[in-house]
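One structure is given here, and the rest of the page talks about it.
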Amino acid sequence: MNSYRYDLVVIGAGSGGYAAARTARDLGASVALVDHGPLGGLCILRGCMPSKTLLASSDLIADIREGGELGVTTGPPAIDFRHIFERKREVVAGFADYRIEGIKSFPLYEGLAAFESPHVLRVGTDVRLEARSFVVATGSVVAPPAVPGLVEAGYLDSDGVLETANVPKSVVVLGGGYVGSELGQFLARMGVRTTFLIRAKHLLSTEDKDVGDSVTFYFRQEGIDVRSGVLVNRVERQGGLKVVHYTKDGEPDSVAAEEIFYALGRVPNVAGLELERAGVAYHAISGVDTGPDMRTSSPHIFAVGDVTGYYPLVHVAIYQGELAARNAIRGAAEEADYALQRSHTIFTDPQIAAVGRSEKELQAAGIPYLVGSYLFSEHGKAIAINKTKGFVKMMASPGDGKILGAAVVGAEASDLIHEVIVAMYYGGTVAEFVKIPHLHPTLAEIWTYPAEDIAAQIEANAVAAPRGVAV
Ligand SMILES: Cc1cc2nc3c(=O)[nH]c(=O)nc-3n(C[C@H](O)[C@H](O)[C@H](O)COP(=O)(O)OP(=O)(O)OC[C@H]3O[C@@H](n4cnc5c(N)ncnc54)[C@H](O)[C@@H]3O)c2cc1C
(Lines give C-alpha, C1' and ligand atoms only; values in the text may rest on other atoms or scores of the structure.)
Protein backbone atom coordinates (compact mmCIF):
# COMPACT_ATOMS: atom_id res chain seq x y z
CA MET A 1 0.00 0.00 0.00
CA ASN A 2 1.43 3.42 -1.04
CA SER A 3 0.61 6.37 1.22
CA TYR A 4 0.64 10.08 0.31
CA ARG A 5 -0.19 13.26 2.16
CA TYR A 6 -1.89 16.49 0.92
CA ASP A 7 -3.50 19.61 2.32
CA LEU A 8 -6.68 18.79 0.41
CA VAL A 9 -7.96 15.67 -1.32
CA VAL A 10 -10.95 16.11 -3.62
CA ILE A 11 -13.06 13.03 -4.36
CA GLY A 12 -14.71 13.39 -7.77
CA ALA A 13 -13.29 15.45 -10.65
CA GLY A 14 -16.59 16.71 -12.08
CA SER A 15 -17.67 20.36 -12.17
CA GLY A 16 -17.76 20.80 -8.37
CA GLY A 17 -14.64 18.83 -7.52
CA TYR A 18 -12.53 20.36 -10.29
CA ALA A 19 -13.55 23.89 -9.20
CA ALA A 20 -12.62 23.04 -5.60
CA ALA A 21 -9.22 21.63 -6.62
CA ARG A 22 -8.35 24.63 -8.81
CA THR A 23 -9.34 27.13 -6.13
CA ALA A 24 -7.35 25.36 -3.41
CA ARG A 25 -4.26 25.16 -5.63
CA ASP A 26 -4.55 28.87 -6.45
CA LEU A 27 -4.51 29.48 -2.69
CA GLY A 28 -1.20 27.66 -2.47
CA ALA A 29 -2.40 24.33 -1.08
CA SER A 30 -1.15 20.89 -2.12
CA VAL A 31 -4.15 19.20 -3.74
CA ALA A 32 -4.89 15.74 -5.14
CA LEU A 33 -7.88 14.60 -7.19
CA VAL A 34 -9.46 11.15 -6.98
CA ASP A 35 -11.83 9.81 -9.63
CA HIS A 36 -12.78 6.32 -10.73
CA GLY A 37 -13.57 7.57 -14.23
CA PRO A 38 -14.57 7.96 -16.90
CA LEU A 39 -12.90 11.36 -16.48
CA GLY A 40 -14.75 14.52 -17.46
CA GLY A 41 -17.75 14.73 -15.12
CA LEU A 42 -21.48 14.39 -15.74
CA CYS A 43 -22.01 17.78 -17.41
CA ILE A 44 -19.49 17.12 -20.15
CA LEU A 45 -19.93 13.38 -20.61
CA ARG A 46 -23.62 12.61 -20.02
CA GLY A 47 -25.38 15.84 -19.02
CA CYS A 48 -25.52 19.46 -20.18
CA MET A 49 -23.18 19.36 -23.16
CA PRO A 50 -24.25 16.18 -25.01
CA SER A 51 -27.93 17.00 -24.43
CA LYS A 52 -27.61 20.57 -25.70
CA THR A 53 -25.60 19.37 -28.70
CA LEU A 54 -28.39 16.96 -29.65
CA LEU A 55 -31.07 19.60 -29.03
CA ALA A 56 -29.40 21.87 -31.59
CA SER A 57 -30.45 19.32 -34.24
CA SER A 58 -34.04 18.95 -33.03
CA ASP A 59 -34.44 22.75 -32.66
CA LEU A 60 -33.30 23.10 -36.27
CA ILE A 61 -35.92 20.59 -37.38
CA ALA A 62 -38.59 22.76 -35.74
CA ASP A 63 -37.22 25.89 -37.41
CA ILE A 64 -37.25 24.15 -40.80
CA ARG A 65 -40.87 23.06 -40.26
CA GLU A 66 -41.86 26.61 -39.36
CA GLY A 67 -39.92 28.08 -42.29
CA GLY A 68 -43.09 28.39 -44.39
CA GLU A 69 -44.20 31.21 -42.08
CA LEU A 70 -41.16 33.16 -43.27
CA GLY A 71 -41.78 32.25 -46.89
CA VAL A 72 -39.00 29.69 -47.07
CA THR A 73 -39.93 26.07 -47.61
CA THR A 74 -37.88 22.94 -48.15
CA GLY A 75 -38.93 19.34 -48.37
CA PRO A 76 -39.45 17.39 -45.15
CA PRO A 77 -36.12 17.44 -43.22
CA ALA A 78 -34.00 14.34 -43.73
CA ILE A 79 -32.64 13.22 -40.37
CA ASP A 80 -29.24 11.55 -40.33
CA PHE A 81 -29.13 9.94 -36.88
CA ARG A 82 -25.65 8.57 -37.41
CA HIS A 83 -24.34 12.08 -38.17
CA ILE A 84 -26.22 13.68 -35.25
CA PHE A 85 -24.84 11.21 -32.73
CA GLU A 86 -21.35 11.25 -34.28
CA ARG A 87 -21.30 15.06 -34.06
CA LYS A 88 -22.35 14.82 -30.42
CA ARG A 89 -19.59 12.29 -29.77
CA GLU A 90 -16.96 14.56 -31.33
CA VAL A 91 -18.16 17.69 -29.51
CA VAL A 92 -18.17 15.87 -26.17
CA ALA A 93 -14.75 14.31 -26.84
CA GLY A 94 -13.32 17.79 -27.47
CA PHE A 95 -14.70 19.18 -24.20
CA ALA A 96 -13.62 16.06 -22.31
CA ASP A 97 -10.05 16.15 -23.67
CA TYR A 98 -9.67 19.75 -22.55
CA ARG A 99 -11.05 18.99 -19.07
CA ILE A 100 -8.95 15.83 -18.69
CA GLU A 101 -5.85 17.90 -19.46
CA GLY A 102 -6.86 20.18 -16.57
CA ILE A 103 -7.59 17.25 -14.27
CA LYS A 104 -4.20 15.70 -15.04
CA SER A 105 -2.44 18.89 -14.02
CA PHE A 106 -3.11 17.67 -10.45
CA PRO A 107 -1.78 14.53 -8.82
CA LEU A 108 -4.59 12.18 -9.92
CA TYR A 109 -5.50 8.89 -8.28
CA GLU A 110 -7.76 6.84 -10.50
CA GLY A 111 -9.90 4.39 -8.59
CA LEU A 112 -12.84 3.98 -6.26
CA ALA A 113 -12.50 6.12 -3.14
CA ALA A 114 -13.59 4.96 0.31
CA PHE A 115 -12.86 6.47 3.73
CA GLU A 116 -10.91 4.34 6.17
CA SER A 117 -11.12 6.96 8.91
CA PRO A 118 -11.84 10.72 9.17
CA HIS A 119 -8.39 11.64 7.81
CA VAL A 120 -7.54 8.64 5.63
CA LEU A 121 -8.97 7.74 2.23
CA ARG A 122 -8.30 4.49 0.40
CA VAL A 123 -8.21 4.58 -3.41
CA GLY A 124 -8.64 1.21 -5.04
CA THR A 125 -6.60 -1.45 -3.30
CA ASP A 126 -3.11 0.00 -3.20
CA VAL A 127 -3.24 3.74 -2.39
CA ARG A 128 -3.89 5.47 0.90
CA LEU A 129 -4.29 9.29 1.00
CA GLU A 130 -4.05 11.31 4.15
CA ALA A 131 -5.23 14.93 4.18
CA ARG A 132 -6.01 17.83 6.47
CA SER A 133 -9.26 18.41 4.55
CA PHE A 134 -11.41 16.56 2.01
CA VAL A 135 -14.05 17.63 -0.48
CA VAL A 136 -16.63 15.00 -1.44
CA ALA A 137 -17.87 15.80 -4.96
CA THR A 138 -19.11 12.43 -6.19
CA GLY A 139 -22.19 13.70 -8.03
CA SER A 140 -25.41 11.78 -8.57
CA VAL A 141 -26.73 8.63 -10.22
CA VAL A 142 -30.01 7.87 -11.96
CA ALA A 143 -32.65 7.06 -9.32
CA PRO A 144 -33.23 3.32 -9.08
CA PRO A 145 -36.36 2.32 -11.05
CA ALA A 146 -39.32 2.12 -8.69
CA VAL A 147 -41.95 0.90 -11.18
CA PRO A 148 -42.81 -2.83 -10.99
CA GLY A 149 -41.82 -4.68 -14.15
CA LEU A 150 -39.64 -1.87 -15.52
CA VAL A 151 -36.31 -3.64 -15.02
CA GLU A 152 -37.65 -6.85 -16.58
CA ALA A 153 -39.10 -4.98 -19.57
CA GLY A 154 -35.93 -2.90 -20.07
CA TYR A 155 -35.71 0.89 -20.40
CA LEU A 156 -33.49 3.80 -21.33
CA ASP A 157 -32.37 6.39 -18.80
CA SER A 158 -30.86 9.75 -19.86
CA ASP A 159 -27.48 8.07 -20.48
CA GLY A 160 -29.22 5.62 -22.80
CA VAL A 161 -31.10 8.33 -24.73
CA LEU A 162 -27.89 10.31 -25.20
CA GLU A 163 -26.17 7.24 -26.62
CA THR A 164 -28.94 5.62 -28.62
CA ALA A 165 -28.30 5.99 -32.31
CA ASN A 166 -30.98 3.28 -32.77
CA VAL A 167 -33.81 5.69 -32.14
CA PRO A 168 -37.06 3.79 -31.40
CA LYS A 169 -40.30 4.38 -33.34
CA SER A 170 -42.25 5.16 -30.18
CA VAL A 171 -41.40 5.99 -26.58
CA VAL A 172 -43.17 6.48 -23.26
CA VAL A 173 -41.44 9.08 -21.08
CA LEU A 174 -41.91 8.48 -17.36
CA GLY A 175 -41.40 11.84 -15.65
CA GLY A 176 -41.88 15.45 -16.67
CA GLY A 177 -38.83 17.07 -15.08
CA TYR A 178 -36.28 18.98 -17.12
CA VAL A 179 -34.25 15.99 -18.29
CA GLY A 180 -37.39 14.12 -19.42
CA SER A 181 -38.84 17.22 -21.07
CA GLU A 182 -35.68 18.23 -22.94
CA LEU A 183 -34.81 14.77 -24.22
CA GLY A 184 -38.45 13.71 -24.70
CA GLN A 185 -39.01 16.69 -27.00
CA PHE A 186 -35.75 15.82 -28.79
CA LEU A 187 -37.03 12.30 -29.49
CA ALA A 188 -40.45 13.59 -30.60
CA ARG A 189 -38.84 15.98 -33.08
CA MET A 190 -36.71 13.12 -34.37
CA GLY A 191 -39.96 11.49 -35.45
CA VAL A 192 -40.47 9.25 -32.41
CA ARG A 193 -44.13 8.94 -31.31
CA THR A 194 -43.75 10.29 -27.77
CA THR A 195 -46.10 9.95 -24.81
CA PHE A 196 -45.38 11.57 -21.44
CA LEU A 197 -46.91 10.05 -18.32
CA ILE A 198 -46.67 12.57 -15.50
CA ARG A 199 -48.14 12.62 -12.03
CA ALA A 200 -48.44 16.43 -11.88
CA LYS A 201 -50.95 18.54 -13.80
CA HIS A 202 -48.27 19.98 -16.06
CA LEU A 203 -44.70 19.31 -17.16
CA LEU A 204 -41.95 20.84 -15.00
CA SER A 205 -44.03 20.71 -11.84
CA THR A 206 -41.53 22.65 -9.74
CA GLU A 207 -42.06 25.77 -11.90
CA ASP A 208 -45.00 28.16 -11.52
CA LYS A 209 -48.27 26.86 -12.99
CA ASP A 210 -48.36 29.41 -15.84
CA VAL A 211 -44.82 28.39 -16.84
CA GLY A 212 -45.51 24.64 -16.72
CA ASP A 213 -48.92 25.00 -18.39
CA SER A 214 -47.39 27.03 -21.19
CA VAL A 215 -44.73 24.45 -22.02
CA THR A 216 -47.26 21.61 -21.72
CA PHE A 217 -49.52 23.47 -24.18
CA TYR A 218 -46.71 23.88 -26.72
CA PHE A 219 -45.65 20.23 -26.38
CA ARG A 220 -49.23 19.13 -27.09
CA GLN A 221 -49.49 21.61 -29.96
CA GLU A 222 -46.59 19.92 -31.72
CA GLY A 223 -48.18 16.50 -31.32
CA ILE A 224 -46.53 15.24 -28.14
CA ASP A 225 -49.02 13.25 -26.07
CA VAL A 226 -48.75 14.56 -22.48
CA ARG A 227 -50.96 12.57 -20.10
CA SER A 228 -51.02 14.40 -16.78
CA GLY A 229 -52.36 13.44 -13.35
CA VAL A 230 -51.54 9.78 -13.88
CA LEU A 231 -50.26 7.15 -11.47
CA VAL A 232 -48.01 4.60 -13.15
CA ASN A 233 -48.72 1.08 -11.83
CA ARG A 234 -46.57 -1.39 -13.73
CA VAL A 235 -44.80 -2.21 -16.96
CA GLU A 236 -44.91 -5.41 -18.98
CA ARG A 237 -43.62 -6.68 -22.29
CA GLN A 238 -46.16 -7.68 -24.93
CA GLY A 239 -44.51 -9.02 -28.07
CA GLY A 240 -42.06 -6.41 -29.29
CA LEU A 241 -43.66 -3.64 -27.26
CA LYS A 242 -43.45 -2.36 -23.69
CA VAL A 243 -46.81 -1.58 -22.12
CA VAL A 244 -47.14 0.90 -19.26
CA HIS A 245 -50.26 0.45 -17.14
CA TYR A 246 -51.45 3.49 -15.26
CA THR A 247 -54.46 4.99 -13.49
CA LYS A 248 -55.95 8.39 -14.35
CA ASP A 249 -58.90 9.77 -12.40
CA GLY A 250 -59.30 6.32 -10.84
CA GLU A 251 -59.68 4.67 -14.28
CA PRO A 252 -57.11 2.10 -15.43
CA ASP A 253 -55.50 2.71 -18.82
CA SER A 254 -52.32 1.80 -20.67
CA VAL A 255 -49.98 2.92 -23.40
CA ALA A 256 -47.62 0.76 -25.48
CA ALA A 257 -44.35 1.80 -27.09
CA GLU A 258 -41.14 0.33 -28.43
CA GLU A 259 -39.11 1.96 -25.65
CA ILE A 260 -39.49 3.51 -22.22
CA PHE A 261 -37.46 6.55 -21.19
CA TYR A 262 -37.22 6.47 -17.40
CA ALA A 263 -36.71 10.11 -16.33
CA LEU A 264 -37.79 10.11 -12.72
CA GLY A 265 -34.78 11.91 -11.36
CA ARG A 266 -31.36 11.32 -9.88
CA VAL A 267 -30.14 10.62 -6.37
CA PRO A 268 -26.87 11.66 -4.67
CA ASN A 269 -23.99 9.25 -5.27
CA VAL A 270 -22.73 8.07 -1.88
CA ALA A 271 -22.45 4.32 -2.51
CA GLY A 272 -19.17 2.77 -1.44
CA LEU A 273 -17.67 5.95 0.06
CA GLU A 274 -17.87 4.53 3.59
CA LEU A 275 -18.87 7.96 4.88
CA GLU A 276 -19.77 6.44 8.26
CA ARG A 277 -16.09 5.76 8.93
CA ALA A 278 -15.37 9.47 8.45
CA GLY A 279 -18.26 10.57 10.64
CA VAL A 280 -20.07 12.18 7.71
CA ALA A 281 -23.87 12.20 8.03
CA TYR A 282 -25.91 11.61 4.87
CA HIS A 283 -29.24 10.39 3.62
CA ALA A 284 -29.68 8.12 0.61
CA ILE A 285 -32.22 10.49 -1.03
CA SER A 286 -31.25 13.98 0.16
CA GLY A 287 -27.48 13.36 0.06
CA VAL A 288 -24.62 14.46 2.29
CA ASP A 289 -25.72 16.88 5.01
CA THR A 290 -23.83 20.16 4.79
CA GLY A 291 -24.04 23.50 6.54
CA PRO A 292 -24.12 26.76 4.56
CA ASP A 293 -20.29 26.71 4.55
CA MET A 294 -20.40 23.27 2.83
CA ARG A 295 -18.91 21.56 5.93
CA THR A 296 -20.31 18.13 6.69
CA SER A 297 -20.86 16.74 10.18
CA SER A 298 -17.11 16.07 10.14
CA PRO A 299 -15.83 19.68 10.06
CA HIS A 300 -12.68 19.04 7.97
CA ILE A 301 -14.73 17.22 5.32
CA PHE A 302 -16.75 19.30 2.84
CA ALA A 303 -19.30 18.22 0.22
CA VAL A 304 -20.28 20.05 -2.97
CA GLY A 305 -22.38 19.57 -6.10
CA ASP A 306 -25.09 17.01 -6.78
CA VAL A 307 -24.01 14.81 -3.86
CA THR A 308 -25.30 17.49 -1.46
CA GLY A 309 -28.83 17.30 -2.89
CA TYR A 310 -29.05 21.11 -3.23
CA TYR A 311 -29.72 22.52 -6.69
CA PRO A 312 -28.31 19.98 -9.16
CA LEU A 313 -26.88 22.55 -11.56
CA VAL A 314 -23.38 23.02 -12.84
CA HIS A 315 -23.00 26.66 -11.81
CA VAL A 316 -24.11 25.72 -8.27
CA ALA A 317 -21.59 22.83 -8.12
CA ILE A 318 -18.81 25.23 -9.19
CA TYR A 319 -19.92 27.93 -6.73
CA GLN A 320 -20.01 25.42 -3.86
CA GLY A 321 -16.67 23.89 -4.91
CA GLU A 322 -14.89 27.26 -4.90
CA LEU A 323 -16.49 28.23 -1.59
CA ALA A 324 -15.65 24.91 0.08
CA ALA A 325 -12.03 25.14 -1.07
CA ARG A 326 -11.66 28.68 0.33
CA ASN A 327 -13.17 27.57 3.64
CA ALA A 328 -11.00 24.44 3.80
CA ILE A 329 -7.72 26.18 3.04
CA ARG A 330 -8.34 29.39 4.98
CA GLY A 331 -10.14 27.69 7.88
CA ALA A 332 -12.99 30.11 7.17
CA ALA A 333 -16.77 29.75 7.33
CA GLU A 334 -17.96 31.74 4.30
CA GLU A 335 -21.62 30.86 3.71
CA ALA A 336 -23.32 30.00 0.44
CA ASP A 337 -26.17 32.24 -0.67
CA TYR A 338 -28.56 30.65 -3.14
CA ALA A 339 -30.87 33.65 -3.64
CA LEU A 340 -29.48 34.14 -7.15
CA GLN A 341 -27.47 30.94 -7.50
CA ARG A 342 -30.72 29.00 -7.76
CA SER A 343 -31.51 30.71 -11.08
CA HIS A 344 -32.00 28.02 -13.68
CA THR A 345 -32.88 27.37 -17.28
CA ILE A 346 -34.46 24.52 -19.19
CA PHE A 347 -33.66 23.91 -22.84
CA THR A 348 -37.05 22.82 -24.07
CA ASP A 349 -38.45 24.75 -27.03
CA PRO A 350 -39.67 27.24 -25.98
CA GLN A 351 -36.96 27.51 -23.36
CA ILE A 352 -37.63 28.34 -19.73
CA ALA A 353 -35.55 30.37 -17.31
CA ALA A 354 -36.17 31.76 -13.86
CA VAL A 355 -34.39 33.88 -11.27
CA GLY A 356 -35.16 34.66 -7.64
CA ARG A 357 -38.42 33.53 -6.13
CA SER A 358 -41.29 32.09 -8.14
CA GLU A 359 -44.85 33.27 -7.51
CA LYS A 360 -45.70 30.06 -5.70
CA GLU A 361 -42.67 30.50 -3.43
CA LEU A 362 -43.60 34.12 -2.68
CA GLN A 363 -47.16 33.04 -1.88
CA ALA A 364 -46.00 30.14 0.30
CA ALA A 365 -43.69 32.48 2.22
CA GLY A 366 -46.47 35.08 2.61
CA ILE A 367 -44.37 37.74 0.87
CA PRO A 368 -46.50 40.46 -0.79
CA TYR A 369 -45.60 41.17 -4.40
CA LEU A 370 -46.77 42.82 -7.59
CA VAL A 371 -46.48 41.01 -10.90
CA GLY A 372 -46.23 42.24 -14.46
CA SER A 373 -46.16 40.06 -17.55
CA TYR A 374 -45.95 40.37 -21.32
CA LEU A 375 -46.51 37.98 -24.22
CA PHE A 376 -43.91 37.40 -26.91
CA SER A 377 -46.83 37.31 -29.37
CA GLU A 378 -47.29 41.04 -28.69
CA HIS A 379 -43.61 41.95 -28.84
CA GLY A 380 -42.26 43.55 -32.01
CA LYS A 381 -38.95 41.72 -32.38
CA ALA A 382 -40.53 38.37 -31.53
CA ILE A 383 -43.21 38.94 -34.17
CA ALA A 384 -40.60 40.03 -36.73
CA ILE A 385 -38.53 36.87 -36.29
CA ASN A 386 -41.56 34.58 -35.79
CA LYS A 387 -40.62 33.53 -32.25
CA THR A 388 -43.90 34.38 -30.58
CA LYS A 389 -44.31 31.50 -28.12
CA GLY A 390 -44.35 32.23 -24.40
CA PHE A 391 -44.15 35.21 -22.08
CA VAL A 392 -42.05 37.00 -19.49
CA LYS A 393 -43.09 37.95 -16.00
CA MET A 394 -41.44 39.89 -13.22
CA MET A 395 -42.32 40.06 -9.54
CA ALA A 396 -41.43 43.01 -7.32
CA SER A 397 -42.02 44.31 -3.85
CA PRO A 398 -45.13 46.55 -3.67
CA GLY A 399 -43.37 49.06 -1.44
CA ASP A 400 -40.03 49.94 -3.03
CA GLY A 401 -40.35 48.02 -6.30
CA LYS A 402 -37.31 45.83 -5.57
CA ILE A 403 -37.25 42.97 -8.06
CA LEU A 404 -37.98 39.67 -6.26
CA GLY A 405 -37.99 37.27 -9.17
CA ALA A 406 -38.69 36.73 -12.84
CA ALA A 407 -39.46 33.94 -15.27
CA VAL A 408 -39.42 33.62 -19.02
CA VAL A 409 -40.86 31.03 -21.37
CA GLY A 410 -39.71 31.71 -24.90
CA ALA A 411 -36.95 31.88 -27.47
CA GLU A 412 -33.49 32.53 -26.01
CA ALA A 413 -34.90 32.42 -22.45
CA SER A 414 -31.61 30.96 -21.22
CA ASP A 415 -29.80 34.13 -22.32
CA LEU A 416 -32.59 36.65 -21.67
CA ILE A 417 -32.77 35.78 -17.97
CA HIS A 418 -29.27 37.15 -17.36
CA GLU A 419 -30.45 40.73 -17.60
CA VAL A 420 -32.72 40.23 -14.60
CA ILE A 421 -30.05 38.22 -12.77
CA VAL A 422 -27.71 41.21 -13.12
CA ALA A 423 -30.42 43.67 -12.06
CA MET A 424 -31.19 41.58 -8.98
CA TYR A 425 -27.50 41.15 -8.17
CA TYR A 426 -27.29 44.92 -7.80
CA GLY A 427 -30.54 45.03 -5.80
CA GLY A 428 -32.39 46.78 -8.63
CA THR A 429 -35.94 48.10 -8.53
CA VAL A 430 -38.42 48.15 -11.40
CA ALA A 431 -38.10 51.96 -11.56
CA GLU A 432 -34.33 51.61 -12.04
CA PHE A 433 -34.81 48.76 -14.50
CA VAL A 434 -36.92 50.84 -16.89
CA LYS A 435 -34.19 53.50 -16.97
CA ILE A 436 -31.64 50.99 -18.35
CA PRO A 437 -31.25 51.57 -22.10
CA HIS A 438 -32.73 48.75 -24.15
CA LEU A 439 -31.77 48.51 -27.79
CA HIS A 440 -34.48 48.16 -30.39
CA PRO A 441 -35.64 45.86 -31.79
CA THR A 442 -34.40 43.12 -29.47
CA LEU A 443 -35.95 40.27 -27.55
CA ALA A 444 -34.34 41.67 -24.38
CA GLU A 445 -36.43 44.85 -24.46
CA ILE A 446 -39.51 42.73 -23.64
CA TRP A 447 -38.42 42.92 -19.96
CA THR A 448 -39.19 46.64 -19.89
CA TYR A 449 -42.95 45.95 -20.20
CA PRO A 450 -43.48 44.02 -16.95
CA ALA A 451 -41.09 46.41 -15.19
CA GLU A 452 -43.03 49.45 -16.47
CA ASP A 453 -46.31 47.76 -15.56
CA ILE A 454 -45.20 47.17 -11.96
CA ALA A 455 -43.70 50.69 -11.69
CA ALA A 456 -47.08 52.07 -12.82
CA GLN A 457 -48.91 49.91 -10.26
CA ILE A 458 -46.65 51.26 -7.50
CA GLU A 459 -47.19 54.83 -8.73
CA ALA A 460 -50.97 54.33 -8.82
CA ASN A 461 -50.95 52.88 -5.30
CA ALA A 462 -48.87 55.84 -4.08
CA VAL A 463 -51.35 58.32 -5.63
CA ALA A 464 -54.31 56.45 -4.17
CA ALA A 465 -52.75 56.34 -0.71
CA PRO A 466 -53.23 59.44 1.50
CA ARG A 467 -50.10 61.59 1.68
CA GLY A 468 -48.71 63.41 4.68
CA VAL A 469 -48.90 62.59 8.32
CA ALA A 470 -52.27 62.19 10.00
CA VAL A 471 -52.76 64.52 12.98
C1 LIG B 1 -29.18 14.79 -19.13
C2 LIG B 1 -28.68 15.87 -18.19
C3 LIG B 1 -28.67 17.18 -18.62
C4 LIG B 1 -28.21 18.19 -17.77
N5 LIG B 1 -28.22 19.48 -18.23
C6 LIG B 1 -27.80 20.47 -17.40
C7 LIG B 1 -27.80 21.82 -17.85
O8 LIG B 1 -28.18 22.12 -18.99
N9 LIG B 1 -27.37 22.79 -17.00
C10 LIG B 1 -26.95 22.48 -15.72
O11 LIG B 1 -26.56 23.40 -14.96
N12 LIG B 1 -26.94 21.20 -15.27
C13 LIG B 1 -27.35 20.20 -16.08
N14 LIG B 1 -27.33 18.91 -15.63
C15 LIG B 1 -26.87 18.65 -14.24
C16 LIG B 1 -25.34 18.72 -14.14
O17 LIG B 1 -24.76 17.87 -15.12
C18 LIG B 1 -24.90 18.33 -12.74
O19 LIG B 1 -25.56 19.16 -11.79
C20 LIG B 1 -23.38 18.52 -12.54
O21 LIG B 1 -22.67 17.94 -13.60
C22 LIG B 1 -22.96 17.90 -11.21
O23 LIG B 1 -21.56 18.07 -11.02
P24 LIG B 1 -20.84 17.35 -9.78
O25 LIG B 1 -19.46 17.92 -9.73
O26 LIG B 1 -21.67 17.44 -8.58
O27 LIG B 1 -20.79 15.80 -10.15
P28 LIG B 1 -20.19 15.00 -11.41
O29 LIG B 1 -19.89 15.87 -12.56
O30 LIG B 1 -21.14 13.87 -11.63
O31 LIG B 1 -18.79 14.43 -10.88
C32 LIG B 1 -18.72 13.37 -9.98
C33 LIG B 1 -17.39 12.67 -10.22
O34 LIG B 1 -17.13 11.81 -9.12
C35 LIG B 1 -16.58 10.59 -9.57
N36 LIG B 1 -16.89 9.60 -8.51
C37 LIG B 1 -18.11 9.27 -8.03
N38 LIG B 1 -18.00 8.39 -7.01
C39 LIG B 1 -16.68 8.18 -6.83
C40 LIG B 1 -15.93 7.38 -5.92
N41 LIG B 1 -16.50 6.66 -4.95
N42 LIG B 1 -14.59 7.36 -6.07
C43 LIG B 1 -13.97 8.09 -7.03
N44 LIG B 1 -14.63 8.88 -7.89
C45 LIG B 1 -15.96 8.93 -7.79
C46 LIG B 1 -17.27 10.35 -10.91
O47 LIG B 1 -16.50 9.52 -11.75
C48 LIG B 1 -17.40 11.79 -11.46
O49 LIG B 1 -16.32 12.13 -12.30
C50 LIG B 1 -27.76 17.87 -16.46
C51 LIG B 1 -27.77 16.54 -16.03
C52 LIG B 1 -28.22 15.54 -16.87
C53 LIG B 1 -28.23 14.11 -16.39
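Here the structure is a predicted model, which is why all the values come from computation and not from measurement. Indexing begins at 1, ligand by ligand and atom by atom, following the structure's order. For the numbers below, each heavy atom of this structure counts, side chains included, while hydrogens, waters and symmetry mates do not.
A salt bridge is absent between R193 and D225: the closest approach of a Lys/Arg side-chain nitrogen to an acidic carboxylate oxygen does not fall below 4.0 angstrom. Between K88 and E163 a salt bridge is recorded (basic side-chain N to carboxylate O distance below 4.0 Å). Between E222 and R65 there is no salt bridge, since none of the side-chain N atoms of the basic residue sits less than 4.0 Å from a carboxylate O of the acidic one. Here E182 pairs with K52 in a salt bridge; the nearest charged N to carboxylate O distance falls below 4.0 Å. Ion pairing between R128 and E116 holds under the 4.0 Å rule for side-chain N and carboxylate O. Ion pairing of R189 with D59 is present here, as a side-chain N (NZ or NE/NH1/NH2) and a carboxylate O approach within less than 4.0 Å.
Near S15, the atoms of ligand 1 lying under 4.0 angstrom from a non-hydrogen atom of the residue are 25 (O), 29 (O). Ligand 1 places these atoms under 4.0 Å from at least one heavy atom of A113: 40 (C), 41 (N), 42 (N), 43 (C). Atoms of ligand 1 found under 4.0 Å from any heavy atom of N269, numbered from 1 in the order shown, are 37 (C), 38 (N). Atoms of ligand 1 found under 4.0 Å from any heavy atom of V314 (numbered from 1 in listed order, with element): 10 (C), 11 (O), 12 (N), 16 (C), 19 (O), 20 (C), 21 (O). Ligand-side atoms of ligand 1 in range of P312: 15 (C), 19 (O), range being under 4.0 angstrom from any heavy atom. For ligand 1 and G41, the ligand atoms under 4.0 Å from any heavy atom of the residue are 29 (O). For ligand 1 and G12, the ligand atoms under 4.0 Å from any heavy atom of the residue are 33 (C), 34 (O), 35 (C). With ligand atoms numbered from 1 in the order given, ligand 1 contributes 17 (O), 21 (O) to contacts under 4.0 Å with heavy atoms of C43.
No side-chain donor-acceptor contact under 3.5 Å links S181 to the backbone of V179.
Between Y310 and Y338, the two ring planes are parallel [angle under 30°; tilted spans 30° to 60°]. The aromatic rings of F106 and Y18 stand perpendicular to each other, their planes meeting at an angle above 60°, with 30° marking the opposite boundary.
Summary of contacts: the protein heavy atom closest to atom 1 (C) of ligand 1 is R46 O, 3.8 Å. Looking at atom 30 (O) of ligand 1, its nearest protein heavy atom turns out to be L42 CB, 3.3 Å. Y178 OH, 3.5 Å is the protein heavy atom nearest to atom 51 (C) of ligand 1. Nearest protein neighbour of atom 25 (O) of ligand 1, counting heavy atoms only, is G16 N, 2.8 Å. In terms of protein heavy-atom proximity, atom 36 (N) of ligand 1 is closest to H36 NE2, 3.6 Å. When hydrogens are left out, the protein atom nearest atom 31 (O) of ligand 1 is G14 CA, 3.4 Å; that is the closest non-hydrogen contact. Of the protein's non-hydrogen atoms, the one nearest atom 53 (C) of ligand 1 is R266 NH1, 3.7 Å. Of the protein's heavy atoms, K52 NZ, 2.7 Å lies nearest to atom 8 (O) of ligand 1.
Distances shorter than 4.0 angstrom do not occur between any heavy atom of Y18 and any atom of ligand 1. Residue contacts with ligand 1 leave out G321, since none of its heavy atoms falls under 4.0 Å from the ligand. Ligand 1 has no atom lying under 4.0 Å from any heavy atom of G272.
At a heavy-atom cutoff of 4.0 Å, ligand 1 is contacted by no atom of V307, backbone or side chain.
When D35, V316, T138, D157 are checked for heavy-atom proximity to atom 49 (O) of ligand 1, D35 turns out nearest. Considering only non-hydrogen atoms, atom 6 (C) of ligand 1 lies nearest to C48 out of C48, G47, S158, G17.
The CG atom of L204 sits 7.0 Å away from atom CZ of F219, with the distance rounded to the nearest 0.5 Å. Atom-to-atom distance recorded for S105:OG and I100:CD1 is 12.5 Å, nearest 0.5 angstrom.
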Inset, instruction - Please test Y178 against F347 for ring pair (Phe, Tyr, Trp, His ring centres under 6.0 Å), starting from the C-alpha separation and ending with a verdict. - result: CA-CA 8 Å; Y178 82 90; F347 294 86; 9.0 Å; no
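Open room surrounds CD on E101; 12 or fewer heavy atoms of other groups in view lie less than 6.0 Å from it.
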